[in-house]
Structure formats: structure tokens, C-alpha cells
*Asks:* 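Can you keep this structure in mind? I'll have questions shortly.
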Number of protein chains: 2
Amino acid sequence: MTESALPTVICTVDVVLLTLQQGALQVALLRRERAPFAGALALPGGYIHAQEDADAQASAARVLRDKAGLQSPYLEQLATFSGPVRDPRGWSLAVAYCALVPPEVLAQAPLTLVPVAELPALPFDHRAMVDAAVARVRSKSQYSSMPVHLCAEPFTLPQLQAVYEAVLGEPVNKVSFRRKMDELAMLEPVPGALQGGGAHRPAQLYRVRPAYRRNLSLSARGL
Amino acid sequence: MTESALPTVICTVDVVLLTLQQGALQVALLRRERAPFAGALALPGGYIHAQEDADAQASAARVLRDKAGLQSPYLEQLATFSGPVRDPRGWSLAVAYCALVPPEVLAQAPLTLVPVAELPALPFDHRAMVDAAVARVRSKSQYSSMPVHLCAEPFTLPQLQAVYEAVLGEPVNKVSFRRKMDELAMLEPVPGALQGGGAHRPAQLYRVRPAYRRNLSLSARGL
DNA sequence: ACAATAGTGTCTGTTAGACACTATACT
DNA sequence: AGTATAGTGTCTAACAGACACTATTGT
């Protein structure tokens, strides 16, 4: 067996870009310009460019930048999907990534937001990728700070709690939630910044401490 | 940009095969027969064969079968490693898998067991793969039944507890451990089968219930 | 004053772990 | 009988959630 005798494997990346809007997780889809499945809504994705990409994650970041005009949101490798039939062009391998952004960032991006609960039929195995991403986000939200990436800074604790509740799909205990956020020591109040506007006590605004901006904060137990 | 103009990405799989021996996690290494790094100890791995493999996991299973003579142990996708420098042959992508087997299975396999705490220098980025596998196993052992795959059936609860303690690197509370195993409902006693031999009360032998043989059992909380 | 939400103090039920006890083998 | 480990009953400390209270704004 020689290297050159091996049939080529088609190497791509796909990004499951999730955000929160109208209290529901939404996945960002893009209308495909090229075959296969030209004209269909699908996950943003593309070939790995061995000439320029430092690794598959860089490919995913490049895809996000070129196709959605976004740069460096939270980006995490999800899983790799492969096989002879998932792509009509041949045996293919796609490294799937999960990105989380606050909805404000997507304002003028050429993306179609679809609630993950009402997914249309998707080409390739993009449905499985979305399902894996949603499961991952729900799971990690139970014991980590992952959902803060869905919240534009600065935000109030009630806002962040609403994000957790939307992702988890169930109400969260206020006292426990605030205790945990305090223990995680990941947020800091913005001095003197309060969110007013309502006919009630204004809420303290918080931001993520610099040390936690890139890394998630994990809790030993739940919430 | 055309498809055919893309430089080829070298697509491989690598398997981090872990077992437990002398109370410590051990990784199974294989001496490489071919360049690059011929003669060096490395993870079992190989090219994806697009002609025959149903997906990358099938490639990993094939590598395990052909190079170690093992079939269908617990096999889970870990992560994908990629980039221009990890392999001297060029831009490469390796899907890493984690396999768990009881030590008895490796009896006559042509593998070198090395404690993960005393890893030698490894070629490629195999060190990062081993680290990722060990971290995954330690993490999942805290809330799932994963370690049962390191135990040959049938086993006693004290034996299984020792496996958990070896993986986690810390003692486990006996009462809590048995409560959790009971709650997970994943084990069933082998009727009338007791493990004697010592100068003390014999222990009940257990096996994994068929429904849980392939799937892990997860606990909402720890242990 | 009132309404509405932010934020906190405290109580209680649940759960994990510590400890001590019983059970059952072999010597 | 003595010893060693298997297996269980029970107490306690830690923790998550429920509830109720105070705080602070706009109307």
C-alpha cells in the first residue's frame, strides 16, 4: 500500500452557529451557492485549505469570517462526521464546530436564523450536527459558564438567568443561580453601571472577568 | 477555486487504547514499522481507507483489529487533530478515538503498555491525544459507568470500586458508591455466583445488564 | 402610595460521605 | 475464636431549592 494509491478524502469543516432570539435557541443557516445542494439552506461550511489554514479550527474561523463576516466568537470543536454517503461527491470527512454568539452580532450577517425546534430538512448530515451542538450546549449549560457567550456584555444577572432558562428549557432557581455565579467568580460588576428603564429597582450590570473571556468556568456540581 | 486544485489532506485515525494494570491507567503503544518515525513507540493508527471504511470509527476499529487483534471494545470519538506540522508528510488530519479494554484482553496483543503518568516522548501529537483521552476518562468516570469497560465480567463491587479509585486517583466512599451503582440500575448480580478465595466473606459477582452493554449510563449528579 | 422587579436572609428537604455495625468466609 | 473483607444501617454536614422579606426604581 502506498500513500498515493489512496483515494482522496474530501475534507471540510461545518459550523453550527447558535444564538438566542425570542427566548429560543436559533441556528444560523446559509443558502448554498454551489453544488451539491445549491440553493438549499445549510450550515456554513467549506473545504479545509491546506495552504493557508493552521488547523481545522482556523478553517472554521475563516469560514465564519468569509461567509458570515464574524470574527472570533466562542468556537469549540464538536465532533467529526465521515463516510461514503454523507456527501454526494464521495467519501468525505467534516469536522463540525459549534459557535455561540449574542444575537446583536448577527444583525447584518447574511444568515437565516431558524429555531432549533423547527429545523427544516438539511443537506448532508447537518441535522445530526445541529442536534449534537444543541445537546452539547444544553449539557454544558448545566455546570459551566457556556451561556455567557450568548449574552452581549454588559448584562444583568436576571438577563443571564433568562438565557440559562431559555437554553435549558426550564426555570432556574434565582437564589441558587446567584450563589453559583458568585462561586464561579467569573463575573465582575461594572462599577456604577446599572440597568434602569423599568418601573422598578435597576439591576447591576456585569461583565466577564478577562481571565475567563476565552475559557469556560466549570462548576463541580450542577447549575 | 476548484475542487481538484486543493492540496491533499492526509487523513488518518489514531486510537488511544487505555487499560488498567497495577492500579494505574496504561496506554497501549505500538512500535511503528514504517516512516515517519519508524521504530518509535506510537499510538496505533493508520490511513482512512475510503474504499472499505464505513466511516472514521470503522477505520479505527479496523486499525485495532489489524494491528492489535482486538475487536469491538468500547470505542468513542475523542477529537480531531490537524495542521501542517503535526505530520512531516504534510498537512494532516487525525481523528483520535479512545478505546477502553480490561487488561485480560491484551494478554497476547503485540502492544507495549505504559503508565500514562510516565509517558515517553511520542511522535506526532500523540501526547496531546493521550492527555485528552485521560482527561475524558477521568471526567466521565465522575458521573458515568464508563469504568466498567475496564473491568472484565463478571466482577465484584469492591473490584469495580477499585477501578474507579484507580482512574480517579482518589478514594471513593463505599456507601455512596454502592448507592449510585444501585441507582444506575446498570448491573445485575449473577445468580449464585460469589467470588471466594480469601479468608473472609465472599463477594457477589455482577455483570452489566444487556441494555447497558453498549451505552454508558449517566448519573445526574456525581459519582 | 403603588407596582414591579432586583437582590438577600433563612428554612427545609435531599444527598453525599463518615462511621459503625453486622455477615460470612478461611485459618 | 480470630481475622479479614463484604455488605448495610444510620447519623451528619453540605447543598440546592422554596419562600419570604427588603431594596429601589418609575408612575
Side-chain angles (χ1 to χ4, degrees), chain A residues 23 139 141-145 147 151 153-166 168-207 217-223, chain B residues 23 139 141-145 147 151 153-166 168-207 217-223:
Chain A
S139 167
S141 296
Q142 291 177 354
Y143 59 92
S144 86
S145 63
C151 231
E153 297 185 76
F155 47 80
T156 69
L157 286 181
Q159 282 169 357
L160 184 58
Q161 181 176 345
V163 169
Y164 271 83
E165 290 174 337
L168 295 174
E170 60 185 13
V172 165
N173 183 277
K174 180 169 62 163
V175 178
S176 299
F177 177 74
R178 299 173 86 101
R179 254 194 309 239
K180 280 296 176 190
M181 287 301 133
D182 194 49
E183 283 169 23
L184 290 179
M186 160 193 55
L187 302 179
E188 61 184 1
V190 182
L194 297 180
Q195 171 114 314
H200 52 77
R201 176 174 177 176
Q204 175 65 52
L205 286 163
Y206 290 83
R207 60 175 165 235
S217 178
L218 302 178
S219 164
R221 304 189 197 285
L223 259 192
Chain B
S139 167
S141 295
Q142 291 177 356
Y143 59 92
S144 86
S145 62
C151 232
E153 296 185 76
F155 47 80
T156 69
L157 285 181
Q159 282 169 356
L160 184 59
Q161 181 175 347
V163 170
Y164 271 84
E165 290 175 337
L168 295 174
E170 59 185 14
V172 165
N173 182 278
K174 180 169 61 163
V175 178
S176 299
F177 177 76
R178 298 174 86 100
R179 253 194 308 242
K180 280 295 175 190
M181 287 301 133
D182 194 47
E183 284 169 24
L184 290 179
M186 162 192 54
L187 302 179
E188 60 184 3
V190 182
L194 297 180
Q195 172 112 313
H200 52 78
R201 175 174 176 178
Q204 174 66 51
L205 286 163
Y206 289 84
R207 61 175 164 234
S217 179
L218 302 177
S219 163
R221 304 187 196 286
L223 260 191

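Residue numbers start from 1 in every chain, and the chains themselves are labelled A, B, ... in the order their sequence lines are given, proteins ahead of strands.
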*Asks:* Rounding to a whole Å, what distance do you find between L168(A):CG and dG17(D):C1'?
*Replies:* 15 Å
*Asks:* Rounding to an integer number of Å, can you tell me how far F177(A) CZ sits from dG7(C) P?
*Replies:*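 Going from CZ in F177(A) over to P in dG7(C) covers 11 Å.
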*Asks:* On DNA chain D, check which nucleotide each of R179(B) and T156(B) is closest to and give me the residue with the more 5' one.
*Replies:* T156(B)
*Asks:* Check the distance between dG17(D)'s P and E170(A)'s CD and give it to me in whole angstrom.
*Replies:*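 Checked: the CD to P distance equals 9 Å.
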*Asks:* How would nucleotides 19-27 of chain D be written as a contact map, 5' to 3', with B for base contact, S for sugar-phosphate-only contact and - for no contact, using protein heavy atoms under 4.0 Å?
*Replies:* B---BBBS-
*Asks:* Can you tell me the distance, in whole Å, between the NZ atom of K180(A) and the C1' atom of dA14(D)?
*Replies:*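 It works out to 11 Å between those atoms.
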*Asks:* What is the distance from CE of M181(A) to C1' of dA16(D), rounded to the nearest Å?
*Replies:* 14 Å
*Asks:* Can you list the residues that meet the side chain to side chain contact (heavy atoms under 4.5 Å, CB included) rule with Q204(B), with sequence neighbours excluded?
*Replies:* P189(B), L194(B), Y206(B)
*Asks:* Kindly write out the residues that satisfy side chain to side chain contact (heavy atoms under 4.5 Å, CB included) with E183(A), not counting sequence neighbours, or none if the list is empty.
*Replies:* K180(A)
*Asks:* Can you tell me if Q159(A) uses its side chain to pair, donor with acceptor, with the backbone of C151(A) under 3.5 Å?
*Replies:*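 No.
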*Asks:* Give the rounded distance in Å between these two atoms: CG of D182(B) and C1' of dT8(D).
*Replies:* 12 Å
*Asks:* Suppose the criterion is side chain to side chain donor-acceptor pair (under 3.5 Å): which pairs have a residue in residues 187-203 of chain B, not counting sequence neighbours?
*Replies:*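 Counting only pairs at least two positions apart or across chains, the side chain to side chain donor-acceptor pair (under 3.5 Å) contacts touching residues 187-203 of chain B are E188(B)-R207(B), E188(B)-R209(B).
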*Asks:* How long is the gap from CZ on F177(A) to CG on L160(A), to the nearest 0.5 Å?
*Replies:* 4.0 Å
*Asks:* Just to verify, what does A199(B) make a side chain to side chain contact (heavy atoms under 4.5 Å, CB included) with, not counting sequence neighbours?
*Replies:* none
*Asks:* For Q142(A) and dG17(D), give me the distance from atom CD to atom P, rounded to whole Å.
*Replies:*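 Atom-to-atom, Q142(A) to dG17(D), this comes out as 11 Å.
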*Asks:* To the nearest angstrom, how far is Q159(A) atom CD from dA6(C) atom C1'?
*Replies:*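 My rounded result for the distance is 12 Å.
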